[in-house]
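These notes concern the structure reproduced below.
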Amino acid sequence: MLFAEQGFSGLRIEEVARSAGAARSQVYRLFPDKQALLAALVREDVEAFVSRIAGAVQQDASLEGMLQAGAEAFLSFVDERRTEYQLLFGLTGRIDPDVAAVIRGLHSRLADEFLRQFRPAVEAAGVPWPGEAEARIITRAAMALAEGAAQAWLVEPDLPRARVAQIVAGMIADALAPGAGNVQGVPQKRL
C-alpha cells in the first residue's frame, strides 16, 4: 500500500492513480484530496475490523470470552497490517493534523461499536451499566490500552500474540467489571 510505504505527506495522488491503473482525473473525482483518500482507506479498514470483531465475538459468550476474542481479533488485524498500523497510530497519527482528524473519527466509530457489542455482556456479568459519560471514558481507556499494547508488541514482539491478547482482555475486563477480569495468568491485584 502506497500510504504505508510513503506516509501521508509523501503520498501523491498521481502515484495512487498509476498504482490503481486509473486516470488521475478519476481518482480526483472520487477523492478530492489526500485526506479524503486516507479517510476512505481508514473507513474501509474500520469496517473490515468491525466485521472481524463482530465475527469473532460470540454474543452469548462470557464477558471475559468476548474480550479475549476481541483482543485476539484486534491483534490479528494489527499483525496483518503492521506498517499501516504503525504509521497511522504511531508518530504520524499524532503529528499530522489530517491524519489525526481521521484517527479521531476512527476512534469514535470503534467506541460506538465497542459499547454496542459489550454492554449486554457487562450487564450479564451482573455489573450495572455506568452512565453514558463514564461508559465512554472506560471505552476510550480500553481502546487506548489495546492500542498501546499493540504498539509495544509490534516494537518488541517477545510475547506471543495470544498472550498479549490475554493480558489486554484481562485488564479491560477488570475496568469494565472490577473483579471479573479473571483471564488466565493475568494478576488481579491492583498496583
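Position 1 is the first residue of the sequence; numbering continues from there.
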field: Lys NZ or Arg CZ of R116 over F114 ring: under 6.0 Å, within 45°
entry: no
message: When you compare the side chain of S76 with that of R161, does any pair of heavy atoms fall below 4.5 Å?
response: yes
field: Main-chain N/O of A135 paired with T139 side-chain donor or acceptor, under 3.5 Å
entry: yes
message: Quick check on the hydrophobic clustering: are I172 and I137 connected, directly or via other members, by side-chain heavy-atom contacts under 4.5 Å?
response: no
4.5 Å side-chain heavy-atom contact, I138 and E134: yes
query: What's the shortest heavy-atom distance between P157 and L154, and which atoms?
result: CD-O, 4.0 Å
message: E15 vs R24, test: side chain to side chain contact (heavy atoms under 4.5 Å, CB included). Steps then yes/no.
response: CA-CA 9 Å; E15 292 176 39; R24 193 174 79 176; over 6 Å; no
task: To the nearest 0.5 angstrom, please state how far the CD atom of Q117 sits from the CG atom of D112.
output: 12.0 Å
- line: In terms of heavy-atom contacts, A165 and A71 come closest through O-CB, 3.5 Å
- prompt: Are D158 and W153 side-chain neighbours, meaning at least one heavy-atom pair lies under 4.5 Å?
  reply: no
Shortest non-hydrogen contact from A150 toward F74: CB-CE2, 3.7 Å
query: Between S51 and E47, is there a donor-acceptor pair closer than 3.5 Å when you use the side chain of the first and the backbone of the second?
result: yes
statement: Value for CG (L75) from CZ (R163), rounded to nearest 0.5 Å, stands at 12.5 Å
query: Do we get R136 above W129's six-membered ring, with its NZ or CZ under 6.0 Å from the centre and within 45° of the axis?
result: no
message: Which heavy atom of G70 sits nearest to which heavy atom of I53, and what is that distance?
response: O-CD1, 3.3 Å
Validation row: L63, L67 side chains within 4.5 angstrom (heavy atoms): yes
query: Is the side chain of Q26 donor-acceptor paired with the backbone N or O of A23 at a distance under 3.5 Å, no angle test?
result: yes
- prompt: What are the two closest heavy atoms between Q68 and A162, and how far apart are they?
  reply: NE2-O, 3.9 Å
message: What I'd like to find out is whether the side chain of Q166 reaches to under 4.5 Å of the side chain of M171, using heavy atoms alone.
response: no
message: Is the shortest side-chain heavy-atom distance between E113 and S108 below 4.5 Å?
response: no
message: Can you give me the closest heavy-atom contact between R81 and A48, atom names plus distance?
response: NH2-CB, 4.5 Å
- request: Determine whether the side chains of E147 and Q151 contain a donor N or O and an acceptor N or O closer than 3.5 Å.
  value: no
message: Taking the side chain as everything from C-beta on, heavy atoms only, tell me whether E123 gets closer than 4.5 Å to F118.
response: no
